[in-house]
Amino acid sequence: MSVLEIKNLHVRVDGNEILKGVNLRLDAGQVHSIMGPNGSGKSTLAQVLARRESYDVTQGEVLFDGKDLLAMKPEDAACEGLFLAFQYPVEIPGVSNAYFLRSAVNAVRKYRGQDEMDAMDFLPKLREKMKLLEMDEKFLNRSVNEAFSGGEKKRNEILQMAVLEPKLAILDETDSGLDIDALKVVANGVNAMRSPDRAFLVVTHYQRLLNYIVPDRVHVLVNGRIVRSGGPELALQLEESGYASVGSAAGAA
Amino acid sequence: MASAIQSLESYAEGFAGFEKEAAGRELPWLRSLRQSGFARFSEVGFPTLHDEDWRFTNLAPIAQTQFRLARNGHALPPATRIAPLFLPGAACMLVFVDGRFARGLSSLGALPRGVTVASLASELTKNPAAVEPHLGRYLNIQRDPFCALNTAFMEDGAFIHIAKDVAVEGPIQLLFISAAHDFPAVSYPRNLIVVEESAQATIVEEYVSSSGGKAFCNTATELVAGDNSVVSHYMIEREDAEALNVSTLRIQQGRSADIASHSVLIGGALVRNNVHPALTGEGGECLINGLFVGGDRQHLDNYMLVEHASPHCGSRQFYNGILAGHAHGVFHGRIIVHKDAQKTDAKQTNRNLLLSDTAQIDTKPQLEIYADDVKCTHGATIGQIEENALFYLRSRGIDEVSARQLLLMAFANECLDRMKEGPARAHVESLIHEYVAGVTGSPSSHAPEAAVGEVK
């Protein structure tokens, strides 16, 4: 059963058409990667799927677990099990990480008709996930992402993913700007969550991440369209010959 | 102009009657204080928009209304309505109805030795010697006509004296209730708080309404903080939507005294809160912290005058404003550093969130520095709720209304975090929570769907 099915998706941002007919199908248990040069529409795709409302969908359809994703508000998509790890996580001064994480988990639980968790129930679970991501306890009392280093912000995204346990996780350039140690920690966190009923869409600019998170499929997005799809070996080929070759080949096809 | 003069005449009539009956009328020093207050007010009348200190606040609702002194209390509100207003953890609660001490509604508790908590009127009658050295010594009736008017009509309020080295556990709560009248009523609470050397206390002044009706409360507090004393003062204005409230807190601060003034304005139609600390001894520290949250057509004016008169003193002003609907906020922060106040470290920050296109904020820093070795900084920001932050929270499953509330509370928390942990802060926190939830629930142009709420 497919978790995500994108059909002929067209999106405009500030009047410019950024996505020009994207098609993609992602099944449960799979990891797909979207690669592409700057400005190809990778982040736009990620944000639209997370339901950024200022992006204007002009054509197409997206089914998330069989439901119309484009009709959902961001909070509803999240509660249905969609998670976006932001390329640029947002700082929220004055809200502690622990409070934020518990609010998010409880919002999702409430939506699903489950009891809310109090701090006593929640903390042990949170600590266990933090251990996996090699995060210090101090993170809990700090304001969300405020004065976090780049690596800390990305780890914090993965921590949120770990506690929210989504059906579909979209990672938007989670590897960008990370040193190799931080990258390994983040990749470990993701790999530990791979399971037959969870799918990942890994958006990246660099092939390096895919050495640690090995995808089932790689899609190349150029100028708002997926121009090529293939196995993990496609990423290596891109690394050697660059996007230009793939893009022009597809353009000719 | 005619109506202004007419209204001055009615004040003169009121004053003549008041003077003959007021507590302490036989004390020459008090009589002369009252008379000089009234003389000054008669001379200048109410300020207008042409006065620099009042240029953002139209006082017509006060100047053009014929108020009557609500002196001889009508029916007191029932005790069952007052009990829930008791601040949990407070050392005592003094209740004033229309500025008059209501003994039957108050809870005096067991206060430690060296702590005197009484009504000013009874102290003026029984022990005027304790009052005379301080009352009216600090409040500037020349600068501010409202202070002059308050001084003319001062009679009752709280008298608090904390002896040397005594630390009072738990806040001293002063609850001022504007009662219901069938005429526009005015009251003039006057508080005198004397905290002697190395003593410590927390005072909470809280203003509420017992029921609707146009009421004007013109209140003034003189806080004398002795050398090395530690005092936290809270001003909480949460009267109802028709209330007019002008308050002045005048702090006279001794050597190495550590004072915090926290102002929380969430109620009232037209509110002006003056905070005027004078750092008159070396090494004093003053925190002037405030939060004002307004909706509808509320007008919330914060006026700070921080006077550095001695070397090595520090003052920090932090005011956060949240304004929705057609609310209008004012922050006017004036810092004066006198010639001898070398090594002054004065900081001023005003941050504002506007939740609608019709909300308005005027923010004005004013630094007057006559010393040459000082550090003074000021800054102001005006912004909206950040759409990125909102999207981030929503993308984690938090619905839009809750996400807005969370961001507003975070903004308000900046002020709460500057209050010491304890019952007073907990009290303010719960009031803010409740109020912020109300403000965010109301429709605003930035969030047309906010009022609809979450649809499941």
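Note on naming: letters A, B, ... go to the chains in the order of the sequence lines (proteins, then strands), and numbering restarts at 1 for each one.
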Inset, instruction - For atom CZ of A:Phe148, decide whether the heavy atoms of other residues, nucleotides or ligands shown that lie under 6.0 angstrom number more than 12. - result: yes
Inset, instruction - Report the distance from atom CG of B:Asp399 to atom CG of A:Asp76, rounding to the nearest 0.5 Å. - result: 9.0 Å
Inset, instruction - Check the surroundings of atom CZ in B:Phe86: do more than 12 heavy atoms from other residues, nucleotides or ligands lie under 6.0 Å from it? - result: yes
Legend entry - Pairwise distance CD(A:Gln47) to OG(B:Ser395) - rounded to 0.5 angstrom: 8.5 Å
Legend entry - Where A:Pro93 and B:Ala410 come nearest, the two heavy atoms and their spacing: O-CB, 3.4 Å
Legend entry - Atom CD of B:Glu169: over 12 foreign heavy atoms under 6.0 Å: no
Inset, instruction - Tell me, for B:Leu407 versus chain A, whether the close heavy atoms (under 4.5 Å) come from the side chain, the backbone, both or neither. - result: side chain
Inset, instruction - Please examine the side chains of B:Arg396 and A:Leu164, heavy atoms only from C-beta on, and report whether any two atoms are closer than 4.5 Å. - result: yes
Inset, instruction - Assess the side chains of A:Tyr88 and B:Asn388: does a donor N or O sit below 3.5 Å from an acceptor N or O? - result: no
Legend entry - Part of A:Val144 within contact of chain B (heavy atom distance under 4.5 Å): side chain
Inset, instruction - Go through the atoms of A:Glu80 and report whether side chain, backbone, both or neither lie under 4.5 Å from a heavy atom of chain B. - result: neither
Inset, instruction - Look at the aromatic rings of A:Phe100 and B:Tyr392 and report parallel, tilted or perpendicular, splitting at 30° and 60°. - result: parallel
Inset, instruction - Determine whether A:Ser103 and B:Ile398 make a side-chain contact, defined as any pair of heavy atoms from C-beta on separated by less than 4.5 Å. - result: yes
Inset, instruction - Can you measure from CD (A:Glu75) to CG (B:Leu393) and round to the nearest 0.5 angstrom? - result: 10.5 Å
Inset, instruction - Determine whether more than 12 heavy atoms belonging to other residues, nucleotides or ligands lie under 6.0 Å from atom NZ of B:Lys375. - result: no
Legend entry - Contact class of A:Pro89 relative to chain B, heavy atoms under 4.5 angstrom: both
Legend entry - Side chain / backbone / both / neither for A:Arg51 at chain B, heavy atoms under 4.5 Å: backbone
Inset, instruction - Name the region of A:Ala50, side chain, backbone, both or neither, that has any atom closer than 4.5 Å to a heavy atom of chain B. - result: both
Inset, instruction - Check the surroundings of atom NZ in B:Lys347: do more than 12 heavy atoms from other residues, nucleotides or ligands lie under 6.0 Å from it? - result: no
Legend entry - Segment of A:Asn106 engaging chain B (4.5 angstrom heavy-atom cut-off): neither
Inset, instruction - Compare every heavy atom of A:Ala78 with every heavy atom of B:Gly397, then report the nearest pair and how far apart it is. - result: N-CB, 3.3 Å
Inset, instruction - Determine whether more than 12 heavy atoms belonging to other residues, nucleotides or ligands lie under 6.0 Å from atom CZ of A:Arg112. - result: yes
Inset, instruction - Kindly indicate whether the side chain of A:Ser54, heavy atoms from C-beta on, has any atom under 4.5 Å from the side chain of B:Phe391. - result: no
Legend entry - Short N-O contact, A:Glu53 and B:Arg394, less than 4.0 angstrom: yes
Inset, instruction - Verify the neighbour count for atom CG of A:Asp115: are there more than 12 heavy atoms of other residues, nucleotides or ligands below 6.0 Å? - result: no
Legend entry - CG/B:Asp296: more than 12 non-hydrogen atoms of other groups inside 6.0 Å: no
